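Following: one structure in structure tokens, then a few remarks.
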Amino acid sequence: MPASRTLVLVIALAAAFLAPAKAAQICAQQGSVTIMVQGAMLCVSVDDPTHALSEQLLQVWIDRSARIVADFYGGFPAPLVLLRIQAAPDGGVHGGRTTNDSGLVIQITVGRGVSASELAADWVLVHEMVHLALPELGRRHNWLAEGLATYVEGIARAQFGNREISDVWAEYRHSMPKGLPQPGEGGMDETPTWARTYWGGALFCLQADVAIRERTGNRVGLQTALQAILKQTGGYRADRSIDEVLRIGDAATGTQVLQDLYREMKAAAMTPDLKMLWSRLGIPQDPASQPFDDHAPLAAVRIAITRKP
Ligand SMILES: [Zn+2]
């Protein structure tokens, strides 16, 4: 019995990068089972000698995660990705990792007892796929890569209908404060702690999203900037400077928000007034049980962020 098997999913997405026959040929070099849809391609290998993981469950999960990310970006952010699934004891979806050493690879660990509902509620694969949409910026700017993946995961899933909007804001309201600088800490480029990298980065994204929408009369937001960055750079396959990436994003929204915010936060500890921000957005203390305030000054901005454009 082989130690691993490979199934190939050719996910149907907005942009068709490769002819289906060519796609099947490339993926077939990785393994044996081919499932054709059309468009961008994920070659999926499952390392599970016990064959406990259901191919069908995995396929539905991978397909949905890819569509969530493709809908947010206006197309899946890479033409060809190897997705390596490692089986583990118990259930649930465990850690993931995205690399670009010799081709784009997402590694993710899934418990053999994982249920359909656990896969439906999974954030890990969406987070990893969001990494595909931003160029490699270097270790110093990892906070932007992780912050974007953290921020976009919730928004993209809410836009797709895969996550409750109240749940997304409840998590942001609960977790964004973790991203605030602690006493003695410096700017974003100088403080590679877990909290500043993930939630400090996500807070940068939220502040940018709100500021872009305020400056454009809520016509566009961070999503428009991110789509342009992907389109003009090719995403994670490319190495770019953070300055170039932020310039591309700003040009797409007709603002200077990303460059200005980065200039403020890169070398200095900034502590935005989060209480004021939640109040202006109309977000209650506990969004899971309390209503949003639709008369708040930035209620329309809050609503637009999780609405499918
Ligand atoms: Zn990540």
Side-chain angles (χ1 to χ4, degrees), residues 13-15 17-18 39-42 65-66 68-83 96-108 124-153 155-156 187-192 196-209 212 220-263 265-267:
L13 297 163
F17 294 101
L18 293 163
M41 184 170 49
L42 289 155
S65 303
I68 288 169
V69 176
D71 275 14
F72 184 87
Y73 283 98
F76 192 73
L80 174 64
V81 181
L82 305 187
L83 177 51
R97 189 159 175 257
T98 301
T99 53
N100 183 23
D101 295 327
S102 48
L104 298 172
V105 178
I106 294 176
Q107 290 170 284
I108 195 159
V124 179
L125 186 52
V126 173
H127 174 109
E128 296 306 326
M129 287 175 169
V130 171
H131 278 312
L132 301 171
L134 184 74
E136 172 63 58
L137 304 176
R139 191 179 286 264
R140 196 173 168 77
H141 308 114
N142 196 33
W143 60 267
L144 186 57
E146 295 302 347
L148 270 173
T150 302
Y151 182 69
V152 170
E153 174 261 315
I155 308 287
M188 295 304 293
D189 283 353
E190 309 165 327
T191 320
R196 291 292 291 288
T197 301
Y198 284 81
W199 286 106
L203 183 52
F204 173 92
C205 296
L206 173 63
Q207 287 176 273
D209 207 351
I212 293 167
V220 293
L222 182 63
Q223 188 167 0
T224 295
L226 297 177
Q227 288 178 349
I229 290 165
L230 170 61
K231 198 168 172 197
Q232 290 181 42
T233 63
Y236 194 51
R237 290 169 286 161
D239 285 4
R240 290 285 189 280
S241 73
I242 192 168
D243 293 318
E244 184 186 351
V245 161
L246 298 181
R247 202 162 45 235
I248 292 169
D250 278 343
T253 64
T255 71
Q256 297 281 320
V257 166
L258 292 169
Q259 293 169 94
D260 287 350
L261 201 55
Y262 175 57
R263 205 172 299 122
M265 291 174 72
K266 67 178 175 180

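Keep in mind it's a predicted model, so treat the numbers as computed, not measured. Every heavy atom of this structure was used, including side-chain atoms; hydrogens, water molecules and symmetry mates were not.
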(message) Distance check, rounded to the nearest 0.5 Å: L258 atom CG versus D209 atom CG?
(response) 9.5 Å

(message) Whether the side chain of E128 engages the backbone of T98 through a donor-acceptor N/O pair (distance < 3.5 Å, no angle test) should be reported.
(response) yes

(message) Could you check whether H141 and Y262, counting side-chain N and O atoms only, form a donor-acceptor pair closer than 3.5 Å?
(response) yes

(message) To the closest 0.5 Å, what do you measure between CD1 (I108) and OG (S65)?
(response) 7.5 Å

(request) Find out whether F204 and L148 are in side-chain contact, i.e. whether some heavy atom of one side chain is under 4.5 Å from a heavy atom of the other. (result) no

(request) Output the distance between atom CG (L134) and atom CD (E146), rounded to the nearest 0.5 Å. (result) 10.5 Å

(message) Measuring from atom CD1 of I242 to atom CG of L144, what distance do you get when rounded to the nearest 0.5 angstrom?
(response) 5.0 Å

(message) Any non-hydrogen side-chain atom of V81 less than 4.5 Å from a side-chain atom of F76?
(response) yes

(message) Run the side chain to side chain contact (heavy atoms under 4.5 Å, CB included) test on F72 and L226 for me, step by step, so that the C-alpha distance in whole Å, both residues' side-chain angles and the decisive distance to 0.1 Å come before the verdict.
(response) CA-CA 9 Å; F72 184 87; L226 297 177; 4.0 Å; yes

(request) Take T253 and L222 through the side chain to side chain contact (heavy atoms under 4.5 Å, CB included) test and state the conclusion after the steps. (result) CA-CA 8 Å; T253 64; L222 182 63; over 6 Å; no

(request) Would you name the heavy atoms of A225 and G249 that are closest together and state the gap between them? (result) CB-O, 3.5 Å

(request) Taking side-chain contact (heavy atoms from CB on, under 4.5 Å) as the test, write out the residues that go with A133, two or more places apart. (result) Y73, P77, L230

(message) For H127 versus A149, what's the shortest heavy-atom pair and its separation?
(response) CE1-CB, 3.4 Å

(message) With rounding to the nearest 0.5 angstrom, report the NZ to CD distance, K266 to Q259.
(response) 10.5 Å

(message) Taking the side chain as everything from C-beta on, heavy atoms only, tell me whether L42 gets closer than 4.5 Å to M129.
(response) yes

(request) Return the minimal non-hydrogen interatomic distance between I229 and P135, and the atom names on each side. (result) CG2-CD, 3.8 Å

(request) Kindly compute the distance separating CZ (R237) from CG (D239), expressed to the nearest 0.5 Å. (result) 12.5 Å

(request) Evaluate the criterion side chain to side chain contact (heavy atoms under 4.5 Å, CB included) for residue pair L104 and L80; output intermediate values, then yes/no. (result) CA-CA 7 Å; L104 298 172; L80 174 64; over 6 Å; no

(message) Quick one, Y151 with L203, criterion side chain to side chain contact (heavy atoms under 4.5 Å, CB included). Give me CA distance, side-chain angles, the key distance, then yes/no.
(response) CA-CA 8 Å; Y151 182 69; L203 183 52; over 6 Å; no

(message) Using a 3.5 Å distance criterion without hydrogens, assess whether the side chain of T99 forms a donor-acceptor pair with backbone atoms of D101.
(response) no

(request) Taking side-chain contact (heavy atoms from CB on, under 4.5 Å) as the test, write out the residues that go with Q107, two or more places apart. (result) R84, R97, V105

(request) Measure the shortest side-chain to side-chain distance between Q207 and L261 over non-hydrogen atoms and say whether it is less than 4.5 angstrom. (result) yes

(message) Which heavy atom of P192 sits nearest to which heavy atom of T197, and what is that distance?
(response) C-OG1, 3.7 Å

(request) Check whether any side-chain heavy atom of L132 lies under 4.5 Å from a side-chain heavy atom of I106, and answer yes or no. (result) yes

(message) Enumerate the salt bridge (charged side-chain N to carboxylate O under 4.0 Å, His left out) contacts for residues 243-257, please, sequence neighbours excluded, ordered by first and then second residue.
(response) R240-E244

